[in-house]
Amino acid sequence: MSALLEVAGLTKRFGGVTAVNDCSFSVEQGTITALIGPNGSGKTTAFNMITGYLKADSGGIRFDGHDVRKPDPARLYRAGLSRTFQQARIFPELSVRENLVVASGFGWADLFGRRVSGRDRASANETLDEFRLGALADLRAADLSYGQRKLLEFAAVLMSKPKLVLLDEPTAGVNPVMIDTMERHVRARHAEGVTFLIVEHDMQLVMRLCDPVIVLDRGAPIASGKPAEVQANPLVVDAYLGA
Amino acid sequence: MTRAGLIRAAVFFGLLLVMPFAIGPQWVMNLLIFTIMYAGLASSWNLVGGYAGYPSLGHAAFFGVGAYSVALIFRDSVGDGYAPFFVLPLIGIGAALLSVPIGWIAMRTRADVFAIVTITLLFVAQSLAYNLRDLTGGAQGMGVAVPPFPIETYTWPFYYAMLVLLAVAMGISFYFRRSKIGLSLSAVRADEDKAHGVGVHVGAVKVLAFAVSVGVVAMIGGVWAFYIGFIYPAFAVDPLITIGMVLMTFLGGRATLWGPVIGAFILVPAQQFFAYQFGASQFYLLAYAAIFLIIMLVLPRGILPTIAGRLSRWRLRRLGDVPIPDVATESDSEALAGQAADSEGKAR
């Protein structure tokens with residue numbers, strides 16, 4: 001196994017608050033790695049820096065064997081690094097199918113081509129069927145429920161055939177059935193060779209789905225390893241219970 | 001294009017094509033020329049202000065660029081009178097190229113800041129028109145040579161030129177909707193950061209929309225200058241022209257094909273009617289504003305989107321079996337609150 005993503009010494013300060021502090025970890029190829037930690041431990045901030053949405057104060061990122069000098073969301077997305085957001089960010093005025101097409105990473109020349117070509121339609125429908133959203137393909141995304149939107153966002157960022165997918169709390173605020181659905185889809189894509197890095201608060205899900213687990217506290221990793229090891233680590237218990 | 005859409009366009013442009021043969025009075029022709037001009041301007045503005053969601057207030061600057069270009073080239077002579085119309089495409093391309101660096105810089109800002117940056121552009125252009133006296137004649141204005149058109153059909157070439165430019169603007173608008181340019185612009189309007197994050201070429205598509213939009217506006221400005229025959233900085237680079245484009249697009253419906261046209265066909269005649277009714281007093285501007293306010297109160301998203309929304313809801317009720325999940329759930333309002341907090345947390 002080799003590291004698909006390496007983060008070294010990542011740091012971000014917001015005024016006097018150090019959200020992420022000299023944070024280093026790596027995500028091995030072919031894993032479903034969890035990034036957990038108490039609220040405010042810097043998980044989402046780390047996500048935002050890794051994906052280029054936020055500029056790091058210092059630190060370096062290596063993805064897929066290349067140093068990422070100036071992380072840019074679009075370039076990383078095309079290089080195979082996708083992410084979802086805590087609050088499913090979809091395009092409400094576009095149809096469900098168009099939400100997938102717009103995320104397919106089309107090139108310059110395609111801009112002048114058809115809005116939804118036959119090929120776009122076929123590949124979007126394939127993914128929609130996989131996610132059982134096929135029946136909703138022509139609805140406006142705004143008409144979907146919150147859980148369906150999260151599913152849609154996940155489906156959409158898979159359109160670029162990513163190597164690594166970062167999921168930011170994929171099951172927050174959705175019903176238990178949807179949690180199972182989400183888990184099934186992660187497992188299915190994982191079986192096809194996609195690597196995952198997941199921020200999640202549902203510990204049961206983390207324990208059964210993820211390996212390894214990385215625990216952040218106050219912006220830096222305090223433990224990592226197999227779920228059971230991490231669970232038994234006194235440092236982790238301290239971080240969560242504030243002892 | 002759907003059959004209904006094709007018929008609508010054919011009827012609309014067919015009617016306008018034969019209009020000059022049907023109407024006698026000169027003032028009706030004049031009114032129609034200005035209505036079609038504003039329909040074209042609003043349709044062009046819609047490419048940026050509607051589809052991309054970037055409320056430019058600087059489009060009148062490019063209207064002025066087109067107007068002064070025609071005036072400068074044809075100050076002394078226009079030959080048989082048709083040459084300016086053939087030069088227009090070059091003026092349009094020139095203005096579009098000129099706008100690329102401007103759009104590239106201005107579109108680094110968003111929403112209200114973008115509106116302020118672009119309105120600054122308008123006043124810069126106006127100041128230049130006032131102060132580059134050797135070129136523009138300053139406040140004294142400058143004339144365009146009078147074409148030797150026959151007196152009975154003098155206005156016809158201008159009318160048809162405006163009509164062609166409206167067709168061009170609507171054609172581009174239609175093409176945008178049908179291509180990935182429109183898809184990308186919709187994504188930009190909804191959530192530009194997310195669009196960038198899923199690999200949409202946001203910078204390129206925004207600048208492209210801006211350049212095409214102001215290119216058409218410049219061509220319309222060129223025809224206007226030729227038609228008016230004498231231009232001043234106050235009218236060639238006029239905030240009211242910008243405001244007109246914006247109001248008409250909002251009224252008819254942003255990001256729709258026909259909205260800006262409908263807006264123009266309501267507001268321009270209304271403005272003229274009230275100007276006639278209330279004479280030189282300023283009451284006509286009040287009445288003009290009143291129409292706009294009333295329609296926006298009744299149809300807040302603009303005429304077309306409101307009607308389309310009501311129609312589709314009515315159709316859904318009649319079908320009854322389409323599974324529309326309840327959108328306004330508790331988790332949604334939480335999600336929205338969270339999203340607001342999320343975007344505050346972002347650095348850019």
Before you tell me yes or no, could you show the steps for A:M159 and B:V198 under side-chain contact (heavy atoms from CB on, under 4.5 Å), namely the whole-Å CA-CA distance, both residues' side-chain angles and the distance that decides it to 0.1 Å? CA-CA 9 Å; A:M159 289 298 286; B:V198 293; over 6 Å; no
Given side-chain contact (heavy atoms from CB on, under 4.5 Å), test A:F112 with B:K180 step by step and report yes or no. CA-CA 6 Å; A:F112 299 93; B:K180 285 198 170 59; over 6 Å; no
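Within 6.0 Å of CD on A:Q204 lie no more than 12 heavy atoms contributed by other residues, nucleotides or ligands. Around CZ of A:R132, the count of heavy atoms belonging to other residues, nucleotides or ligands within 6.0 Å does not exceed 12. No more than 12 heavy-atom neighbours from other residues, nucleotides or ligands sit within 6.0 angstrom of CZ on A:R218. For A:E126, the CD atom sits in a loose shell: 12 or fewer heavy atoms of surrounding residues, nucleotides or ligands are nearer than 6.0 Å.
Note that NE2 of B:H201 and CZ of A:F106 are 7.5 Å apart. Values are rounded to the nearest 0.5 Å. Considering OG of B:S179 and CG of A:D110, their distance stands at 11.0 Å, rounded to 0.5 Å. If you take CG on A:L111 and CG on B:L183, they are separated by 9.5 Å, rounding to the nearest 0.5 Å. Of the inter-residue distances, the one linking B:S184 atom OG with A:R115 atom CZ reads 9.0 Å to the nearest 0.5 angstrom.
No cation-pi contact links B:K194 to A:F85, judged by a cut-off of 6.0 Å to the six-membered ring centre and 45° from its axis.
In this structure, the portion of B:V205 lying under 4.5 Å from any heavy atom of chain A is its side chain and not its backbone. Proximity to chain B is limited to the backbone of A:R83, based on heavy atoms less than 4.5 angstrom apart. Residue contact with chain B, scored on non-hydrogen atoms closer than 4.5 Å, involves the side chain of A:L94 exclusively. For a residue to count as touching a neighbouring chain, one of its non-hydrogen atoms must lie under 4.5 Å from one of that chain's; by this rule A:V157 touches chain B with the side chain only. If you measure heavy-atom distances from A:R114 to chain B, the contacts under 4.5 Å come from both the backbone and the side chain. Within the 4.5 angstrom heavy-atom criterion, only side-chain atoms of A:D120, from C-beta onward, approach chain B.
Chosen from B:A255, B:G199, B:G182, B:A204, the residue pairing most often with chain A at heavy-atom distances under 4.5 Å is B:G199.
Under a 3.5 Å cut-off, the side chain of A:Y77 and the backbone N or O of B:H196 do not form any donor-acceptor pair.
Between B:D191 and A:R89, at least one side-chain nitrogen of the basic residue sits less than 4.0 Å from a carboxylate oxygen of the acidic one, meeting the salt-bridge criterion.
A:P92 and B:A190 get closest at one heavy-atom pair: CD-CB, 4.2 Å.
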